[in-house]
Amino acid sequence: MPSTSPTLRQCLDGRRNNLDFIRFVAAVGVIFSHAFPLGQGAGTPEPFEALTRGQMTLGRLCVAVFLLISGVLITQSYERSPSMARYLWARALRIFPGLACVLLATVFLLGPALTELPLAGYFQSPETYLYLQRNLALYQPQWNLPGVFHGNAYPDAVNGSLWTLLYEVGFYLLVAGLGVVGLLRRQVALVAWAVAALVPFVPRVGPRLNLWPELYLYFGGGLLLYLFRERLRMSPWLALGCVGVLVATARWGGLKYAVGSCGTYLVLYLAFLPSRLSSFARHGDFSYGVYVYAFPVQQTVTWLMGGSVAWWVNATLSLPVVVLLAALSWHLVEKRALRLKNSPPVFGFMARFSFGSFRRRG
């Protein structure tokens, strides 16, 4: 008897899903995770980290959710884009306008208001402008601004959340590169996921790759399931089995591998359950704004409270301010930038470079 569960392709072809809600919840989860070190200092125990026996913080889990969803949607974006220029332009518009806005606000509004230095010293310091330059270029990220948050429980760091953007953009380019050389295939993606799982155990290789292998487990999990979308069915029994695997690995080890595989399936299953949450983003997609504004707002709350504050106070006071800033970012910056995605600038030969010959199924 044929299964009545829809395939992932059928789900993706539909117009309704809960992805915006899930991403928003993940962004809020990062706020609650960061509230422990930012309010009370590095090393403050976090319940989820204790629950998983030190394997993963709630913040890292939420980053994993972002990446596995990105793995699906970015691969889909690549396949549906009419040209390389259009794909790259759309990806740049999703990341850099919002990033530029938060960096400018941080350097020229937040920094001068909170620095312990005289304003002349703050604006004369090379570190002030290197913060803007390095973080916008996603190269050698810089966490501190002169004299800002020096006395906080988690000192000096202004926006520690930005570290993930380098990896996100790197994975955008990886998808494009694999597509260009004809390797965006199921078999290749499966081997790549297995290599990412094994390479940390290779001496002298794993440590040099930093977090790339682990984060690819999540992004690559989404990419892999997308490539299997015509065969993969969204079954409640499989989803229940995934819950069991995640609970077991949280207790006995291997959680990051389970999140990159079973967690990916579970998130996608939940994303396509019929619900009223499918219209969650009717007023805007605030998840990116919540993510990039949360850290400096939480540090400011801690600063205003004397440099140390209970985690729940930090999270409670920060959340409404962060959501307000995210809404402003969406309506004034991000949404307007994304309207330009179908009108890419001239990239020379890339503007004529069609994806047609690279869209291959595995």
Side-chain angles (χ1 to χ4, degrees), residues 21-66 102-103 105-107 109-117 131 135 141-165 211 246-247 250-251 255-256 259 280 286-329:
F21 175 75
I22 292 173
R23 288 188 295 192
F24 182 83
V25 170
V28 171
V30 173
I31 292 178
F32 280 90
S33 180
H34 283 172
F36 288 88
L38 297 185
Q40 299 173 229
T44 303
E46 181 192 307
F48 186 81
E49 188 174 16
L51 180 66
T52 63
R53 302 191 173 188
Q55 294 184 76
M56 188 176 285
T57 64
L58 177 62
R60 182 61 62 85
L61 176 64
C62 292
V63 167
V65 170
F66 278 128
V102 71
L103 291 176
T106 302
V107 169
L109 295 177
L110 182 68
L114 302 186
T115 184
E116 297 175 358
L117 302 179
Y131 178 90
N135 290 322
Q142 177 179 317
W143 310 126
N144 68 293
L145 280 170
V148 179
F149 301 138
H150 184 66
N152 275 17
Y154 195 95
D156 300 320
V158 176
N159 199 340
S161 295
L162 301 183
W163 70 270
T164 63
L165 299 184
L211 290 172
L246 290 167
V247 171
R251 181 171 178 81
L255 180 59
K256 64 183 179 181
V259 170
F280 179 79
F286 302 154
S287 58
Y288 182 62
V290 169
Y291 184 77
V292 297
Y293 279 95
F295 200 107
V297 169
Q298 289 184 266
Q299 282 285 60
T300 301
V301 167
T302 298
W303 182 85
L304 291 171
M305 301 295 288
S308 180
V309 64
W311 71 268
W312 61 270
V313 174
N314 181 283
T316 301
L317 295 179
S318 299
L319 183 57
V321 178
V322 172
V323 172
L324 174 61
L325 291 174
L328 292 173
S329 176

Nearest 0.5 Å, what's the [atom1]-[atom2] distance between [X] and [Y]?
X: Tyr293; Y: Thr300; atom1: OH; atom2: OG1; value: 12.5 Å
X: Leu325; Y: Phe286; atom1: CG; atom2: CZ; value: 11.5 Å
X: Phe149; Y: Gln298; atom1: CZ; atom2: CD; value: 10.5 Å
X: Arg251; Y: Leu51; atom1: CZ; atom2: CG; value: 9.5 Å
X: Phe66; Y: Ile22; atom1: CZ; atom2: CD1; value: 11.0 Å

Non-neighbouring partners of Asn144 that pass side-chain hydrogen bond (donor to acceptor under 3.5 Å, both in side chains), sequence neighbours left out: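 Here no residue qualifies.
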Partners meeting side-chain hydrogen bond (donor to acceptor under 3.5 Å, both in side chains) with Ser318 (sequence neighbours left out):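 side-chain hydrogen bond (donor to acceptor under 3.5 Å, both in side chains) check on Ser318 returns nothing, list empty.
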Partner of Ile31 under side chain to side chain contact (heavy atoms under 4.5 Å, CB included), chosen from Val323, Val290, Leu58, Asn314: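 That would be Val290; it is the only one of Val323, Val290, Leu58, Asn314 passing the side chain to side chain contact (heavy atoms under 4.5 Å, CB included) with Ile31.
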Quick one: does [X]'s side chain get under 4.5 Å of [Y]'s, heavy atoms only?
X: Asn159; Y: Asn135; answer: no
X: Pro37; Y: Thr44; answer: no
X: Arg60; Y: Leu211; answer: yes
X: Leu103; Y: Tyr131; answer: yes
X: Asp156; Y: Trp143; answer: no
X: Tyr291; Y: Val102; answer: no
X: Pro141; Y: Leu162; answer: no

Shortest non-hydrogen separation from [X] to [Y] and the atoms involved:
X: Gly111; Y: Leu145; answer: CA-CD1, 4.5 Å
X: His34; Y: Ser161; answer: CE1-OG, 3.2 Å
X: Glu116; Y: His150; answer: OE2-CB, 3.8 Å
X: Ala153; Y: Gly39; answer: CB-O, 3.8 Å
X: Gly59; Y: Ser33; answer: N-OG, 2.9 Å
X: Val322; Y: Ala294; answer: CG2-CA, 3.7 Å

Keeping [X] on the side-chain end and [Y] on the backbone end, is there a donor-acceptor pair under 3.5 Å?
X: Glu46; Y: Thr57; value: no
X: Ser287; Y: Ala27; value: no
X: Thr115; Y: Pro146; value: yes
X: Gln299; Y: Tyr154; value: yes
X: Gln40; Y: Trp311; value: yes

Flag if over 12 foreign heavy atoms under 6.0 Å of CH2, Trp163: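 Yes - once you tally the heavy atoms of other residues, nucleotides and ligands closer than 6.0 Å, there are more than 12.
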Whether Phe280 and Phe21 hold their rings parallel, tilted or perpendicular, with breakpoints at 30° and 60°: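 Ring orientation of Phe280 relative to Phe21: perpendicular.
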Any pair counted as salt bridge (charged side-chain N to carboxylate O under 4.0 Å, His left out), so long as it reaches residues 22-38, sequence neighbours left out: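 Passing the test, one end in residues 22-38: Asp20-Arg23, Arg23-Asp285.
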